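First up is the structure itself, then whatever we jot down about it.
Every heavy atom of this structure was used, including side-chain atoms; hydrogens, water molecules and symmetry mates were not. The structure displayed is predicted, hence computed values, not measured ones. Throughout, protein chains are lettered first and strands after them, A, B, ... in sequence-line order, and every chain is numbered starting at 1.
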There are 2 protein chains.
Amino acid sequence: MRWTVHGERTIYDSPWMDVRLADVELPDGRRFDHHLVRVRPAAGVAAVDGAGRVLLIWRHRFITGAWGWEIPGGRVEDGEDPAESAARELVEETGYRAGPLEHLLAVRPSPGLHDGIHHVYRADGAEKIGEPTDVEAERIEWVPLESVPELAARGEIGSGSTLSGLLFLYARSVSRG
Amino acid sequence: MRWTVHGERTIYDSPWMDVRLADVELPDGRRFDHHLVRVRPAAGVAAVDGAGRVLLIWRHRFITGAWGWEIPGGRVEDGEDPAESAARELVEETGYRAGPLEHLLAVRPSPGLHDGIHHVYRADGAEKIGEPTDVEAERIEWVPLESVPELAARGEIGSGSTLSGLLFLYARSVSRG
């Protein structure tokens, strides 16, 4: 059942996020203001090597105060295709250049809070071309894809988009035998 | 590498979300204001039946404009344990009462944007005790867990927390044979 949106007004506007109040009406007739945040799309990439390992960064997020494994990724900049953003972020955060990208998932991280979309790609044949230029990673490691469920169970992968992309790759690998 | 947070100020305050500006300094010395949103924790539950099917709701999100399968879930209210919230939301959104809950994952949906955490549980032995009181679901169905990777590939599961929880359950089921 769709909610009826009678209007939307901006509370706070910035190049990074817009905070809005939507005037929504539920199918049962209840009507109220609902907060939402509008943000730019993002893109990330799971680079997989010939040994079934994925290139991950171990990083701290000051917003959550948590450490965890994440795939490289970031915001889609003006004029970029999401695949270009994913490949660019891979170079900036790890120093690896991706081979051809395969689009895996379009993740909606928080569909009840913001309109962001995270495009998650797989890349094969990534090659080291230099050092990272970003300062996000504490460690950069090739992690066996088969260890992903255990890392998730241990709470070492927190990011919903990374969990989604890596568990999807794991599921596909085991279902293909 | 941790970023140094020199301070944080509120831009917008509400019972639903706080929008803040953090004064952060990167390890390379760059210093700038970083937006972030502080929200309440949320909890959801994947109820699984004896036939390996999971109880999902097919719903529309006005913020993203997208339809998709999601596990029942919602905000952790004052005084609630996340498991209580997950069980309550299951009843409200599907009319089913959960059996014992097992905590699967603590998902960080958007660690670069907000501090939300989504606790995802598994429940067995859910029983129908009435009709849904919430108006979120267009359809409520028992969906085979084995179909989750295909539904994800087709874009019919968008929510990062739902993808994480269901793909984690799928991965665990296949790795246990």
Self-check item: Part of A/A137 within contact of chain B (heavy atom distance under 4.5 Å)
Solution: backbone
Quiz item: When you look at CD of A/E138, are more than 12 heavy atoms from neighbouring residues, nucleotides or ligands closer to it than 6.0 Å?
Solution: yes
Quiz item: Rounded to the nearest 0.5 Å, how far apart are CD of B/E146 and OG of A/S175?
Solution: 11.0 Å
Quiz item: With only heavy atoms counted, which part of A/R20 is less than 4.5 Å from chain B, the side chain, the backbone, both or neither?
Solution: neither
Exercise. Of all the heavy-atom pairs spanning A/S164 and B/G160, show the shortest one and how long it is.
Key: OG-O, 3.3 Å
Quiz item: Non-hydrogen atoms of chain B under 4.5 Å away: do they reach the side chain of A/F168, the backbone, both or neither?
Solution: both
Quiz item: With only heavy atoms counted, which part of B/R75 is less than 4.5 Å from chain A, the side chain, the backbone, both or neither?
Solution: neither
Practice problem: Please look at A/M1 and chain B and tell me whether the side chain, the backbone, both or neither of the residue comes under 4.5 angstrom of a heavy atom of that chain. | Solution: both
Quiz prompt | Residue A/E150 versus chain B: region with a heavy atom under 4.5 Å | solution = neither
Quiz item: Checking heavy atoms, do the side chain of A/A106, its backbone, both or neither come under 4.5 Å from chain B?
Solution: backbone
Quiz item: Does any non-hydrogen side-chain atom of A/P149 lie less than 4.5 Å from one of B/R172?
Solution: no
Quiz item: What heavy-atom pair brings B/L167 and A/A171 nearest, and what distance separates the two atoms?
Solution: CD2-CB, 4.2 Å
Quiz item: Could you walk me through whether B/V37 and A/M17 pass the side chain to side chain contact (heavy atoms under 4.5 Å, CB included) check?
Solution: CA-CA 10 Å; B/V37 179; A/M17 65 172 67; 3.7 Å; yes
Quiz prompt | Point-to-point distance, once rounded to the nearest 0.5 Å, from CG of A/D18 to NE2 of B/H35 | solution = 9.5 Å
Self-check item: Which atoms of B/E70 approach chain A - backbone, side chain, both or neither, heavy atom under 4.5 Å
Solution: side chain
Exercise. Sort out for me which residue in B/V5, B/L36, B/V24 forms a side-chain contact (heavy atoms from CB on, under 4.5 Å) with A/I63.
Key: B/L36
Quiz item: Measuring heavy-atom distances to chain B, does A/W58 have an atom under 4.5 Å in its side chain, in its backbone, in both, or in neither?
Solution: neither
Quiz prompt | Contacting moiety of B/T162, where chain A heavy atoms sit under 4.5 Å | solution = neither
Quiz item: By a 4.5 Å heavy-atom criterion (distance strictly below it), what part of A/T4 contacts chain B: side chain, backbone, both, or neither?
Solution: neither
Self-check item: Structural part of A/H103 lying under 4.5 Å from a heavy atom of chain B
Solution: neither
Quiz item: In terms of heavy-atom pairs under 4.5 Å, which option from A/T64, A/I11, A/V107, A/V39 contacts chain B the most?
Solution: A/T64
Quiz item: Counting only heavy atoms not in B/R97, do more than 12 fall under 6.0 Å of its CZ?
Solution: no
Quiz item: Quick one: what part of A/L113 sits under 4.5 Å from any heavy atom of chain B, side chain, backbone, both or neither?
Solution: both
Exercise. Take A/F62 and B/H34, measure what side chain to side chain contact (heavy atoms under 4.5 Å, CB included) needs, and give me the verdict at the end.
Key: CA-CA 10 Å; A/F62 85 90; B/H34 192 300; 3.8 Å; yes
Quiz item: Considering only heavy atoms, which portion of A/R30 lies under 4.5 Å from any heavy atom of chain B: side chain, backbone, both, or neither?
Solution: side chain
Quiz prompt | Side chain proximity check, B/D115 to A/R61, heavy atoms < 4.5 angstrom | solution = no
